[in-house]
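These numbers come from a predicted model, not from an experiment.
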Amino acid sequence: MCRAPWCELTHDPQLTPLERPLRRIRMTVAAAAAATLALTASACAGDEGDVDGEGGGGGMLNMQIGEVRSFIPGGSGESEGYRVMKNIYDGLVYYNNETGEAENLVAEEITSEDNQTWTIKIKSGLTFHNGEAVDANAFIRSWNRTAYAPNVLPLNYFFATIAGYEEMNPEPLPAEEWADPEVPEYADVDVTELSGLTAVDDLTLQVELTAPFIGFPTMLGYEAFYPVAEECLADTEACEKKPIGNGPFMFEEEYNVESGGTAVTWADYAGDKKPSIDGVNWKVYLEGSDCWADFLTGDIDVCRPTAADYEAAVNDEELAERRIQQPDPSVLMLGFPLYVDTYQDVDLRRALSMAIDREGVRTVVGPDRFYPLDTWVPDSILGGGQGACGEYCTYDPDAAAALLEEAGGWPEGEKLEIVVNDASDNLDIFRAIGDSITESIGVEYELVSMEWTDFLGARENHTVTGPFRSGWSPDYNLNENYLEPIYGGGAATNDQGWENEEYDAKIAEAGAAATIDEAVTLYQEAEMILAEDMPSIPIFGETINFFYTERVDNVIINPIYAGPGGDAELRDIEIVE
């Protein structure tokens, strides 16, 4: 799904192109529409007179946000941009608050006779904030823009299953030929449109995939598949500041990436579940800052306490009445830079994992916020919870020391660099992890803190020289979503620099499965292959612990759409003051 000091890719970010070649990951089965999560639970460059931004009459909500990379579909791929975009855009489907099931939103129906050719009927009468029609071409131009390699957009790989993708995505030129060392360049790419997309008529989109793909409809609630207005593409710079969406909220003034902005409820919204609030003020928190102090003064309506504030928060009797606690399918990991010689030996990686006292760290940073993780896919996700990490995610200092010795020991005179983005919460958590490793096996560590976008760029460009914070929140409810996007595509593509032909073959086999059940089993087998190589350490699964102020009610946390730090469904929340 991130998602900002606390956010992570998916659903993990600035308004610049991706810093290295596009992820060339072939997406596979997402999830059956019937699968459920096991969880409790304005004009862009035009005239402001062209839109009607009157609010819903319920007051303004105040929310925290981190740093946003993009407001145009396909350009974000991180939690904070996604949190805004899911409210200013409507996708073809929307994920149910309780089950995670994909339910039609802009789509009237999505059908296929062979799971390869899909027909999408779009509801009539829907428009963008500037009055343009939301039709088949609105989706086609959006998808083509993201799928076109020279645009270098982070969610490009979501279109790899659609016919014509390969022709639009040749290998990039050698890096020494790029004008900007951080922006890939390509030889002339004459094909600019996916051959698999056809507007049968204004409200009918036909999608031809390269192979049968039973879960295709379930992916369509994600940002990559949102529609885009023509006016937006005519001036993308303006649209990044004041996007033209088709959802229930719209910007009347430009958004500032460093301070935030205000979106009002769109009076002409014709979709389902129009919000009751007048709009939302998003305040940005950067460089290690967080929303808790502003929450306590009532200036932010929904917030999660950091590790430093957690104990006081949960022991506050007044706050206890306004606490939301529920399982969260987000996971926290420590990724290895396998392109660095120090981390080539799997026994060293296993040793570091077994040297982490997860229960002890959990006690330090808030026991109700996390649970020790022994798998790469959490049990709240379809196909997850199989404990693939096994003994290597069990705290055992003696076994860790023995494994480290088998790996040739730790390099003399070197410190273990643990690289994190600069949110204070991350610093507290990974300092506790580093302390545990030092105490268990005597390896001294250094915590390396980086600004959020620099951190992402360093991971993506393979310039991180030590284990790094890694996390994931779901885009949809299937174990595949925790495997292929993070670890697939080969060493040049994923952040770890990991490659395993057996793993890639198993992922491909699962993608061609005839049924969801078969696919889930094959993805589980792929996870076991991942476990053997251990390119990352599972550390914690997360538990949502959000608090809300007295002025709001009906605070619902959607497990698929929830952003870290404190979030809520803006389509449902009510202001009661």
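- Shortest non-hydrogen contact noted between G247 and W266 is O-CE3, 3.3 Å.
- Y269 and N246 share no donor-acceptor pair across their side chains, judged by distance under 3.5 Å alone.
- With no hydrogens or angles considered, no side-chain donor-acceptor pair links T543 and D328 at under 3.5 Å.
- Between W292 and F547, the ring centre distance stays below 6.0 Å.
- Atom CD1 of I418 sits about 12.5 Å away from atom OG of S449, to the nearest 0.5 Å.
- Side chain of W282 to main chain of A263: no donor-acceptor pair is present (N/O by atom type, distance under 3.5 Å, no hydrogens or angles).
- K274 contributes a side-chain N or O that, together with a main-chain N or O of A267, makes up a donor-acceptor pair within less than 3.5 Å.
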*Steps toward salt bridge (charged side-chain N to carboxylate O under 4.0 Å, His left out) verdict (D309, R304)*: CA-CA 9 Å; D309 297 306; R304 177 184 71 180; over 6 Å; no

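- D553 approaches I573 most closely through the heavy-atom pair O-CG1, 3.6 Å.
- Looking at H129, its side chain does come within 3.5 Å of a backbone N or O of F249 through a donor-acceptor pair.
- No side-chain donor-acceptor contact under 3.5 Å links R369 and N545.
- Side-chain contact annotation: S70 with E240, donor-acceptor N/O pair under 3.5 Å present.
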Pair up each side-chain donor or acceptor in residues 188-200 with any protein partner under 3.5 Å, not counting sequence neighbours, and list the distances.
{"from": "S195", "atom 1": "OG", "to": "A163", "atom 2": "O", "distance (Å)": "3.3"}
{"from": "S195", "atom 1": "OG", "to": "G164", "atom 2": "N", "distance (Å)": "3.4"}

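- Of all heavy-atom pairs between P248 and P275, the closest is CB-CD, 3.5 Å.
- Looking only at atom types and distance, the side chain of D299 has no donor-acceptor partner in the side chain of N62 under 3.5 Å away.
- Every salt bridge (charged side-chain N to carboxylate O under 4.0 Å, His left out) that D272 has, sequence neighbours left out, goes to K123.
- Residue I557 comes nearest to D567 through the heavy atom pair CD1-O, 2.7 Å, listed as atom of the first residue, atom of the second, then distance.
- Here the closest heavy-atom approach between residue G271 and residue D90 is recorded as CA-OD2, 4.5 Å.
- Between Y226 and F139, the distance separating the two ring centers is not shorter than 6.0 angstrom.
- Summarising the geometry, atom CD1 belonging to I544 is positioned 8.0 Å from atom CD1 belonging to I324; distances are rounded to the nearest 0.5 Å.
- Considering every non-hydrogen atom in both A187 and L173, the closest pair reads N-CG, 3.7 Å.
- Ring-plane geometry between Y222 and F158 is classed as tilted, the angle between the planes lying from 30 to 60 degrees on a 0 to 90 degree scale.
- Side-chain polar atoms of N426 and N421 form a donor-acceptor pair below 3.5 angstrom.
- With Q64 contributing its side chain and I300 its backbone, the two residues share no donor-acceptor pair below 3.5 Å.
- Between the side chains of N461 and T463, not a single donor N or O lies within less than 3.5 Å of an accepting N or O.
- Between F216 and W118, the ring planes lie tilted relative to each other; the angle falls in the 30° to 60° range.
- Every residue meeting the side chain to side chain donor-acceptor pair (under 3.5 Å) condition with Y310, not counting sequence neighbours, appears here in chain and number order: R323, D368.
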*List the steps and the verdict of salt bridge (charged side-chain N to carboxylate O under 4.0 Å, His left out) for E569 and K86.*
CA-CA 10 Å; E569 280 287 274; K86 73 184 181 71; 3.1 Å; yes

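- Checked against the 6.0 Å centroid criterion, the rings of F455 and F468 do not qualify as a close aromatic pair.
- Between the side chains of N281 and T262, a donor-acceptor pair is found at a separation under 3.5 Å.
- Judged as a salt bridge (charged side-chain N to carboxylate O under 4.0 Å, His left out), and not counting sequence neighbours, the contacts of D294 are K283.
- Considering only residues two or more places apart in sequence or on other chains, N87 meets the side chain to side chain donor-acceptor pair (under 3.5 Å) condition with none of them.
- Note: F225 and W143 meet the aromatic proximity criterion, with ring centroids under 6.0 Å apart.
- Panel note: side chain E230, backbone L233; no donor-acceptor pair is recorded below 3.5 Å.
- Panel note: side chain R459, backbone R469; a donor-acceptor pair is recorded below 3.5 Å.
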*Test R141 against E132 for salt bridge (charged side-chain N to carboxylate O under 4.0 Å, His left out), laying out the working first.*
CA-CA 13 Å; R141 60 176 167 260; E132 289 183 35; 3.6 Å; yes

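- Listed by chain and number, the residues in a salt bridge (charged side-chain N to carboxylate O under 4.0 Å, His left out) with R145 amount to none (sequence neighbours excluded).
- Y165 and N156 are linked by a side-chain donor-acceptor pair at a separation below 3.5 angstrom, with hydrogens and angles left out of the test.
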